Each structure stands twice: as C-alpha cells, then as structure tokens.
Chemist: 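Here it is, the structure, as structure tokens.
Throughout, a chain's letter reflects where its sequence line sits, starting with A, and its residues are numbered from 1. Note that the structure is a prediction, hence the values are computed from the model and not measured.
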Amino acid sequence: MSEAPPSRRVRVAVEAPQHSGLTGPLDYLGPQDLTPGTLVHVTLGRRDVMGLVWDDLAEGQDLPEDERLPESELRPVGEALDALPPLSDRWRRLVEFAASYYQRSIGELALAVLPPQLRDLDAKQLQARLKKLDKADAAAATQAAAAPITPADRPALTAQQQAALDAVLELAGREAPQPALLWGLTGSGKTEIYLRAAEAALERGQQVLVLVPEINLTPQLEARFAERFAGHAIVSLHSGLTPAQRLRHWLAAHLGRAQLVLGTRLAVFASMPRLGLIVVDEEHDPSYKQQDGARYSARDLAVYRGHLEKVPVLLGSATPSLESWQHALGGRYRRIDLTERIGGGALPRVRLFDMNRLERKKGVTTTLSVPLLDALRKRLDRGEQSLVFLNRRGYAPVLHCDQCNWKSDCPHCSAHQVFHKEDRTLRCHHCGVSARVPRACPSCGNPDIAPLGRGTERLEEQLALALPGARVARIDADTTKLKGSLESQLAAVHEGDVDILVGTQMVAKGHDFRRITLVAAVNPDGALFSSDFRAPERLFSLLMQAGGRAGRDAAQAAASEMWVQTWYPEHALYQSLQKHDYEAFASSQLHERMSANLPPFAHLALVRAEGRSVEAARDFLTAAQEAAQALPLSLGLLLYPPVPMAVARVADSERFQMLIEAGSRAQLQRFLRAWLPELHALKRRQKGLTRWAVDVDPLAI
DNA sequence: AGCACGCCGACT
DNA sequence: GTCGGCGTGCTC
C-alpha cells in the first residue's frame with residue numbers, strides 16, 4: 001500500500017446557485033496532485049454534489065486570507081472523475097469570465113454548461129462510458145478513412161467570395177486574430193465561406209465550432225458540412241438531444257475526436273482542446289441570448305473565446321446587430337462584405353403597399369387586399385409558390401362580445417387568450433392555460449361572440465376561401481409541435497405540393513425555398529411603435545430575411561417580389577428596406593441610439609422582480625434603487641424607476657423591472673458587483689417576492 | 001436551490 | 001401527545 005498523498009487546500013467550484021450567496025469556489029481538502037479542471041464529488045451541507053476543481057482566483061477577485069476558513073474546518077473532497085481529461089485552463093477562463101460578466105457564481109455556470117448527464121455519473125460509470133466510446137470510435141475509424149477534400153467537390157468561388165475567403169485566411173494566420181464580421185446578403189454564399197475557412201482549419205489539424213441560432217437550423221447546416229467533409233467527425237450540440245447523445249457528442253469534442261462541432265448557444269462552452277475557428281451564423285439573432293438562468297450572449301462569449309484562444313471568430317449576417325456593426329465601423333472587427341447574389345440573381349423587388357389607399361369599409365377584411373390577391377393569383381397561374389408571412393399564431397388574438405364588451409382575457413395574466421379554431425380552444429400564450437371556447441358570451445349570454453384580428457390560422461382559412469383550388473399550407477409553432485413535422489412540412493413545400501405557404505417567423509429564417517417568387521408581409525407595422533428600442537432592428541432583419549426566401553433560384557429572381565402591406569409606407573425603415581439598404585438603416589438607427597444614449601453607446605442591465613402582489617415586486621425594486629443610490633459606485637449611472645413589464649402579470653405573478661444605464665461596461669460591472677449582495681439581503685426581507693434576476697446586456701426591454 | 005431546524009394547528 | 005405546515009438560515 002502506498003501512503004496517502006499529503007492533503008492541501010483545494011478550491012472547488014460547486015453547483016450552488018447565486019442565491020446561496022456562495023459566489024466563488026469553495027475550499028476543501030484534497031490530494032496535492034489534484035489538477036484544476038478535474039470533476040470531483042464533494043459534500044455540500046448534507047448532500048453530495050458535483051464540483052470542478054478550480055484554481056486560485058486572480059489577485060483581488062479572491063477572498064482575503066483572513067476570511068478563509070482554517071484548514072481544520074475543511075471537508076475532504078470525494079471521488080475524483082479523473083478518467084476524464086481535465087477541462088482546460090482556457091475553458092476555465094471562459095467560464096470565469098462569463099460568470100463574472102453575467103453576475104453568476106462560477107460553480108453554477110460551470111456545471112450548468114456541462115452535459116447534464118455528466119453530473120450524475122460516478123467514476124466507474126464514467127470509465128465505462130469512455131470505454132464504450134473508444135470502441136465505437138475504433139469501429140468508425142476502420143469503416144471510413146477520411147476522404148480528402150478535392151477541389152472538384154467544391155463550387156468555384158466568385159471573385160468576391162475569393163476575396164472574402166482570403167481576408168478570413170489572412171486573419172487566421174495572425175498571432176491574435178481580430179474578429180471578422182462577414183456581411184453578406186441572403187444568397188451571397190456566406191456558408192461557402194464558412195466551409196472554406198473550416199477546411200483550412202481542419203487541414204491544420206484544428207477543431208471548428210459553428211454556432212447557429214436555432215435547433216431547427218442545425219440539421220440542414222449539418223447536412224452541408226457532412227457532405228463537404230465526408231469522413232470527418234461532426235457532432236451537434238443542442239438541447240434537443242437526448243441526455244446520452246448530448247454526453248457522447250460533448251465527450252467527442254472534449255477528447256478532440258470531433259473535428260466539427262455544430263450547435264446552438266450552449267455549444268459556445270463546448271470543451272475543444274484544438275479549437276481553431278469559431279463561426280457564428282446569423283450573429284444578429286436574438287436566440288443567442290439565453291433567457292433564463294445565466295443570461296449569457298453566446299455571440300459575445302464566442303468573441304471573447306476567440307480572444308482567449310487566439311483564434312478567428314467569423315460573425316455572419318445579412319443584417320448584423322447594431323453592436324457588431326458599430327464594432328466594424330470602429331475598426332474593432334474586420335468587416336468583410338459579400339454584396340452580390342450567387343449566379344447574379346437579383347434581390348426581390350420590394351413593393352410597399354399603402355393600406356391607406358384601400359377603401360375602408362366596415363366589417364370588410366382588408367388584410368387580404370384585392371391587389372395582394374391578384375399578385376398571389378398571378379403566381380398560382382404561373383405555377384410558382386408564395387409565402388405569406390404573419391408573425392402571430394392562432395385564429396384570432398382575442399374573442400369579443402359586441403353587446404357587453406367582454407373579451408377573452410386570461411384569468412392569470414394581463415393578456416388576452418388567443419382563439420385557436422382548430423381545436424376550439426382559448427389559449428394564453430404567456431402562461432399556457434387552455435380552455436374550451438364558450439358557446440355564448442360568459443358575461444351576458446350573447447351567443448354572438450366574434451373573433452377580433454387575425455392570426456396564421458385565420459389567414460390560411462381566408463386564403464383558401466379567396467383562392468379556390470390553391471393548395472394552402474401553414475407552418476408555425478402549432479403545426480410543428482410533433483417531432484419531425486417541421487421537416488416533413490418543409491419537404492412538402494420543396495416537392496411543390498404547396499402553392500401558398502402561410503407562416504410565422506419560423507419560416508422566415510434560413511430555409512432554402514427554391515420556387516418561391518412572392519413573399520408577403522401582411523401586417524408588420526406593430527413593431528414600428530413598440531416601446532422596445534430594438535424593435536425596429538428586429539423588424540428590419542426579419543423582413544430582410546423573409547424577403548430573402550424569394551428568388552433563391554436565379555432563373556426566377558428577376559420576377560420575384562416582396563410585398564409589404566403597411567399604413568406607414570413613408571417610414572424610414574420601409575424606405576431602407578425597399579432599397580435593400582441595410583447600411584442606411586443601420587446608420588439612422590445608430591444615430592438615434594447615440595442621441596438617446598442607448599446601446600451600443602451605453603451599457604444596460606435590467607433587474608426583474610416577480611411577486612405575488614404588485615407591492616411586493618415594486619417595493620423590492622424601490623428598495624433596491626435606494627440601496628443603489630447609497631453606493632458611491634452608482635455615481636454617473638442612470639437608475640430608471642421601477643416599471644411594470646409590458647405583460648405585467650403572468651401566471652398570477654406580478655412583474656416589474658428596472659433599468660440601469662452606464663457609460664462603460666467596466667463601470668456597470670463594478671456597480672453590479674457591489675450591489676448584488678444587497679439585493680440578496682433585500683430578497684430575504686421582502687415578503688411575497690418570488691423571484692428576481694439581473695440581466696446584463698438585455699435584448700428585450 | 002436543497003435541506004435542515006423550528007415553532008404552532010388538527011389528528012390517531 | 002405527534003404529524004406536518006412553510007418561515008428562516010446555512011452550505012467550504
């Protein structure tokens with residue numbers, strides 16, 4: 001028997017959430033040779049939890065010597081899962097940065113971004129898992145020898161693409177590459193640039209990380225990469241995988257066996273020992289921001305990770321986020337442009353249809369205007385497809401009684417219940433409650449209750465009625481609930497089994513329709529007057545993307561059209577859209593943002609509070625504000641008063657929020673670090689407060 | 001967050 | 001007398 005190695009103080013990041021007040025790693029006693037990055041079981045209170053051996057934090061970040069527990073009071077670490085190679089130093093720096101920036105504990109974040117199944121394993125089970133993986137890999141390796149990529153397999157690059165690729169490769173050759181913003185129209189061949197850049201990294205023996213905004217978009221991109229890189233190991237990482245798949249794919253990345261990792265925002269934390277390139281496709285997409293728990297932006301973390309690992313980051317978009325655009329204008333990002341569509345195709349002609357020109361007759365539906373129906377009919381006659389875009393699910397957003405003014409309000413939320421005709425339900429899109437549609441007005445008994453407004457279900461019905469013989473189909477969250485149904489419905493469109501496709505933003509993103517020559521946005525005005533300062537940016541990008549669905553087949557591009565029905569055709573947003581002029585739009589938005597002192601010229605944090613009563617939620621934030629004003633660090637910050645959220649009550653919970661504005665990130669960070677402990681204390685005193693959270697760099701205000 | 005302890009109401 | 005309600009407080 002060998003002697004037990006001498007014990008020492010070991011820092012372990014444990015899975016304890018922020019609310020516990022335990023922010024940094026905890027101290028345990030462990031063997032001398034325990035490497036940082038190793039998973040260990042430790043006792044926390046009375047339970048056994050997973051922890052990750054951490055290093056001593058940087059000067060100033062750590063507790064002072066005299067506040068640490070004496071070694072005599074420390075508990076020993078439990079079993080180490082040392083069959084797994086430790087998480088790298090760079091990986092830990094990324095997690096440390098993310099935890100600090102988004103104001104969460106290191107342990108919470110570190111363990112939340114590991115595959116969930118890893119937490120439930122003991123050393124023996126892990127070893128078995130790794131052995132099984134070895135076997136499978138060996139079998140796969142003998143089966144398919146990596147086929148070299150030959151130039152013949154790839155489409156020739158246009159001159160512009162070649163220049164873009166050269167710029168990317170030049171960056172990759174630098175010691176500390178600058179992030180690149182690949183600004184390319186839909187159909188300009190961005191994906192080909194990703195593929196070529198990835199190819200170069202693979203040839204150097206490096207791994208490539210590709211992020212996409214939605215799970216929906218992973219299969220088609222995965223197919224493209226799989227086709228190009230046959231024989232290479234490609235794995236996907238997203239929340240749609242089974243726990244076992246997720247662990248297997250994560251391990252493949254961590255062990256360096258997966259050469260390409262493709263995934264949604266959580267994949268930004270994938271452990272990759274030989275990372276050589278990060279691609280963030282559709283970098284402007286709001287889905288990159290996590291909306292609960294640690295509210296990180298995977299795009300921003302990707303940029304930070306690139307900086308840490310000294311690898312190039314390629315941010316791609318036709319309508320970059322104004323943050324990224326501003327970075328490019330300021331020279332922090334290298335801008336690379338793709339301004340031509342492949343094959344010389346033109347962008348669809350944008351027609352702004354002025355709704356004011358229609359005669360307004362009472363009770364007559366104007367959404368399907370006569371000219372729009374004519375345009376749709378023209379496509380039908382030519383055997384072409386059309387996409388009608390409406391960002392609202394259901395049949396009608398509300399039911400209404402003419403006699404007593406009753407409305408289908410949700411009993412638990414400050415929102416209407418949406419009428420879904422298909423299953424005759426009234427559903428609240430905020431809390432999810434569902435009720436049968438009443439036969440008569442529940443308030444006065446009037447049998448004549450009517451739907452008000454329209455959603456995709458009703459649009460589908462009205463189109464079928466107005467255009468007899470047309471094959472109308474609808475794709476939205478309701479028609480794609482079942483697994484695989486989105487794929488089969490998209491396939492039906494590709495097969496030509498559909499003439500007119502009705503859909504929400506789900507169909508506006510990414511899907512490559514070949515035969516669509518008309519895209520119509522029938523009611524996009526809502527976002528023009530939203531209280532959220534980012535609403536115009538989102539609308540512009542959504543409409544550009546929707547428009548990009550038309551004319552992808554170069555032969556039909558000339559005849560393709562985007563139809564926008566609006567009451568405000570003179571609005572600057574639509575004017576820029578009509579000219580496909582993202583630059584003009586961005587410039588006017590940035591101008592507005594600068595004069596209003598909004599991002600990217602200011603930095604925001606949002607504190608949200610939920611309580612059983614309006615008072616509980618509001619009083620908490622008011623007290624929080626008072627505590628903030630007492631801090632010297634709040635000097636120069638703008639603390640807005642607490643206000644109810646746009647939907648103030650959800651599932652019987654009252655919601656308030658409060659905005660903090662700072663001139664610099666560092667200032668905001670310093671303030672939050674000092675302030676949050678006070679909020680934890682306040683929460684304990686505030687009765688009826690159920691939850692609160694800080695959102696750094698919030699996307700939706 | 002878990003998971004204790006702790007101090008008051010309706011049950012065998 | 002005890003089972004259990006959820007308020008309060010702690011976890012290296």
Chemist: Between A/Arg246 and A/Gln117, do the side chains contain a donor N or O and an acceptor N or O under 3.5 Å apart?
Modeler: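 Side chains of A/Gln117 and A/Arg246: no pair found under 3.5 Å.
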Chemist: In whole angstrom, give the distance that lies between atom CZ of A/Arg9 and atom P of C/dC12.
Modeler: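 The answer, rounded to whole Å, is 13 Å.
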Chemist: State, yes or no, whether a side-chain contact exists between A/Trp91 and A/Pro273 at a heavy-atom distance under 4.5 Å.
Modeler: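 Heavy-atom side-chain distance check fails, nothing below 4.5 Å.
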Chemist: Taking the basic N atoms (NZ, or NE/NH1/NH2) and the acidic carboxylate oxygens, is any pair closer than 4.0 Å for A/Asp652 and A/Arg649?
Modeler: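 Yes, A/Asp652 and A/Arg649 are salt-bridged.
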Chemist: Rounding to a whole Å, what distance do you find between A/Glu73:CD and C/dC10:C1'?
Modeler: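 The distance from CD of A/Glu73 to C1' of C/dC10 comes to 14 Å, rounded to the nearest Å.
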Chemist: CZ of A/Arg119 versus C1' of B/dA1: gap in Å, rounded?
Modeler: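 Value for this atom pair: 12 Å.
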Chemist: Is it the case that the ring center of A/His249 lies less than 6.0 angstrom away from the ring center of A/His238?
Modeler: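 Between A/His238 and A/His249, the centre distance exceeds or equals 6.0 Å.
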Chemist: Where along residues 679-692 of chain A does a heavy atom come under 4.0 Å from DNA chain C, residue by residue in number order?
Modeler: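 Listed by number, they are A/Lys687.
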Chemist: Does anything in residues 44-55 of chain A come within less than 4.0 Å of DNA chain B? Heavy atoms only, and list the residues if so.
Modeler: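 Listed by number, they are A/Arg46, A/Arg47.
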Chemist: In whole angstrom, what separates A/Leu111's CG from B/dG2's C1'?
Modeler: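 After rounding, the gap between these two atoms is 15 Å.
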Chemist: With ring centroids as reference points, do A/Tyr304 and A/Tyr101 lie under 6.0 angstrom apart?
Modeler: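 No, too far apart.
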Chemist: For A/Leu26 and C/dC12, what is the distance between atoms CG and C1' respectively, to the nearest whole Å?
Modeler: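 Nearest whole value for this atom pair: 5 Å.
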Chemist: Are any of the side-chain heavy atoms of A/Val49 and A/Val42 separated by less than 4.5 Å?
Modeler: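 Counting from C-beta outward, A/Val49 and A/Val42 do come under 4.5 Å.
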Chemist: Expressed as a whole number of angstroms, how long is the span from A/Asp292:CG to B/dA1:P?
Modeler: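 After rounding, the gap between these two atoms is 13 Å.
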Chemist: Name all residues meeting the side chain to side chain donor-acceptor pair (under 3.5 Å) criterion together with A/Ser105; count only those two or more places apart in sequence or in a different chain, and write none if there are none.
Modeler: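 For A/Ser105, no residue satisfies side chain to side chain donor-acceptor pair (under 3.5 Å) once neighbours in sequence are set aside.
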Chemist: Is it the case that atom CZ in A/Arg612 sees more than 12 heavy atoms from other parts of the structure closer than 6.0 Å?
Modeler: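 12 or below, so no.
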Chemist: May I have the distance from A/Glu108 (atom CD) to B/dG2 (atom C1'), rounded to whole angstrom?
Modeler: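 In whole Å, B/dG2 C1' and A/Glu108 CD are 14 Å from each other.
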Chemist: Give the rounded distance in Å between these two atoms: CG of A/Asp27 and P of C/dT11.
Modeler: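 Distance check: A/Asp27 CG to C/dT11 P gives 13 Å.
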Chemist: Test A/Asp697 against every option in A/Lys289, A/Arg665, A/Arg534 by the salt bridge (Lys or Arg N to Asp or Glu O under 4.0 Å) rule and name the one that passes.
Modeler: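 When A/Lys289, A/Arg665, A/Arg534 are each tested with A/Asp697, the salt bridge (Lys or Arg N to Asp or Glu O under 4.0 Å) holds only for A/Arg665.
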